[in-house]
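Throughout, numbering of the chain's residues begins at 1 and tracks the sequence.
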Amino acid sequence: EMEMRQCEGEHSRDLPARHLSFKVGHQESFWHANCVAIGLSSGFIEPLESTALYLIEFAAAALCDHFPHSKHSMATFSKRYNRILTHLYEEILEFINLHYCLSKRTDTELWREVQKSDHITDQLQEKLEFWQFKSPSNSDFDFPYHLFSYQSFEHILYGMGYNTQLSNIDSAKARPSTIPAEIEKIVSASRSKFPTHEAWLQQVLGYKVEAIV
């Protein structure tokens, strides 16, 4: 809160702040008897990785795909539905967990704590062990339904400087890029052409923004 007020400026000194708390996790059974939990009633992981809308859409589509047209099929379909949603939540948790545990930040207790092995899920810990010796691939994931591709994990893994033992493999092959060279050139050139975020807010929207150092 103190850091946010410093960035916002002097006018925020006496403004009230709302502190939100939330319970992390998901339902043990998303579908029980004739009731199905979708959206925030089914679970919540964290607010920074915005996956809630996707989970709502996916859960609704999965329910339509497994909708029972008789009482006799309900138990079979609900078992399958619960398995699919559980795996999806576990995958999202792994992806978010990867951001935190690979961080090199040590400036606060939060960042020092989240890098400890106790906070790495068993599934992710297993992947990190063999990702020391191979690049991520589709075969590393056990379930056919995915929100994030293996390239998404790869970008976080190598973008955050994960230490690997791929010394005998050409680095370009060990860390492939899905970004064409022409796109990389355009992105690099744009940095010198576009205004800073603060300047854009001032010029386009007329906001009075103090530069953030």
Side-chain angles (χ1 to χ4, degrees), residues 1-8 12 17-26 40 43-55 86-143 145-167 169-179 183-184 187-188 190-191 194 196-198 209-213:
E1 180 184 342
M2 180 182 67
E3 291 177 3
M4 288 190 66
R5 291 184 187 279
Q6 289 174 346
C7 291
E8 181 63 21
S12 67
R18 294 179 61 193
H19 292 258
L20 304 180
S21 61
F22 50 86
K23 187 175 182 180
V24 175
H26 63 76
L40 293 179
F44 186 77
I45 299 178
E46 65 130 51
L48 299 182
E49 189 70 41
S50 184
T51 53
L53 291 178
Y54 174 85
L55 284 168
T86 297
H87 275 274
L88 191 59
Y89 266 90
E90 289 175 351
E91 179 209 337
I92 294 171
L93 179 58
E94 279 188 21
F95 188 65
I96 294 173
N97 199 186
L98 189 65
H99 288 69
Y100 286 96
C101 71
L102 295 186
S103 174
K104 302 298 189 296
R105 288 185 60 175
T106 57
D107 54 311
T108 68
E109 182 60 30
L110 168 68
W111 292 108
R112 291 190 291 271
E113 184 68 24
V114 295
Q115 295 171 45
K116 295 179 180 178
S117 58
D118 293 347
H119 298 295
I120 305 176
T121 66
D122 292 340
Q123 296 94 325
L124 180 58
Q125 186 67 63
E126 182 179 280
K127 290 182 175 67
L128 287 173
E129 289 174 3
F130 60 69
W131 280 343
Q132 292 185 62
F133 307 102
K134 69 179 290 292
S135 299
S137 62
N138 275 326
S139 62
D140 300 337
F141 300 88
D142 303 326
F143 211 68
Y145 298 97
H146 297 294
L147 170 54
F148 302 104
S149 66
Y150 77 85
Q151 289 97 337
S152 296
F153 282 83
E154 184 177 63
H155 293 162
I156 301 301
L157 195 71
Y158 297 140
M160 297 187 73
Y162 182 60
N163 185 30
T164 68
Q165 305 297 318
L166 298 172
S167 57
I169 305 176
D170 180 75
S171 60
K173 294 179 181 178
R175 303 181 181 188
S177 173
T178 57
I179 304 176
I183 300 299
E184 289 185 338
V187 171
S188 297
S190 69
R191 294 192 180 99
F194 291 130
T196 63
H197 185 60
E198 292 82 9
V209 181
E210 296 182 9
I212 300 174
V213 179

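Counting heavy-atom neighbours within 6.0 Å of F194 CZ, excluding the residue itself, gives a total of 12 or less. For D142, the CG atom counts as loosely surrounded, since its 6.0 Å shell holds 12 or fewer non-hydrogen atoms of other residues, nucleotides or ligands. Around CD of E3, the count of heavy atoms belonging to other residues, nucleotides or ligands within 6.0 Å does not exceed 12.
In plain terms, the two heavy atoms of Y89 and F44 that are nearest each other are CE2-N, 4.3 Å. The heavy-atom pair separating V114 from Y100 by the smallest distance is CG2-O, 3.9 Å. Taking each heavy atom of W111 and S103 in turn, the nearest pair found is CE3-OG, 3.5 Å. In plain terms, the two heavy atoms of S117 and Q125 that are nearest each other are CB-OE1, 4.4 Å. Contact between T121 and E94 at its shortest, heavy atoms only, is OG1-CG, 3.9 Å. Between L124 and W131 the shortest heavy-atom distance is CD1-CZ3, 4.4 Å.
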| field | Candidate pair K127 and F130, rule side chain to side chain contact (heavy atoms under 4.5 Å, CB included), full reasoning | value | CA-CA 5 Å; K127 290 182 175 67; F130 60 69; 3.8 Å; yes
| query | side chain to side chain contact (heavy atoms under 4.5 Å, CB included) between Y54 and L88: does it pass, once the steps are laid out? | reply | CA-CA 11 Å; Y54 174 85; L88 191 59; 4.0 Å; yes
| Verdict with supporting geometry, H146 and F141, ring-ring contact (aromatic ring centres under 6.0 Å, His included) | CA-CA 9 Å; H146 297 294; F141 300 88; 5.4 Å; yes
| Trace of the side chain to side chain contact (heavy atoms under 4.5 Å, CB included) decision for I156 with H99 | CA-CA 7 Å; I156 301 301; H99 288 69; 3.4 Å; yes
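Rounded to the nearest 0.5 Å, atoms OG1 (T51) and CD1 (I45) are 5.0 Å apart. Interatomic distance, N163 CG to L128 CG, rounded to the nearest 0.5 Å: 11.5 Å. Rounding to the nearest 0.5 Å gives a distance of 7.0 Å between CG of L147 and CG of L55. Between the CD atom of E46 and the CG atom of N97 there is a distance of 10.0 Å, given to the nearest 0.5 Å. Q123 CD to L93 CG: the interatomic distance, rounded to the nearest 0.5 Å, is 8.0 Å.
A donor-acceptor pair under 3.5 Å is absent between the side-chain atoms of D140 and the main chain of Y150, judged by distance alone. Listed for the Q115 side chain is a donor-acceptor partner under 3.5 Å among the backbone atoms of R105.
Ionic pairing of K116 and D118 is not present here: no N-O contact between side-chain nitrogen and carboxylate oxygen is shorter than 4.0 angstrom. Between E109 and R112 there is a salt bridge, since a side-chain N of the basic residue sits under 4.0 Å from a carboxylate O of the acidic one.
For E91, the side chain to side chain donor-acceptor pair (under 3.5 Å) criterion is met by no residue, not counting sequence neighbours. Applying the salt bridge (Lys or Arg N to Asp or Glu O under 4.0 Å) test to E90 and every residue at least two apart in sequence or in another chain returns nothing.
When side chains are defined from C-beta on, Q132 counts as touching Y162, because their heavy atoms get closer than 4.5 Å. H26 has its side chain within reach of T86: a pair of non-hydrogen atoms, C-beta onward, lies under 4.5 Å apart.
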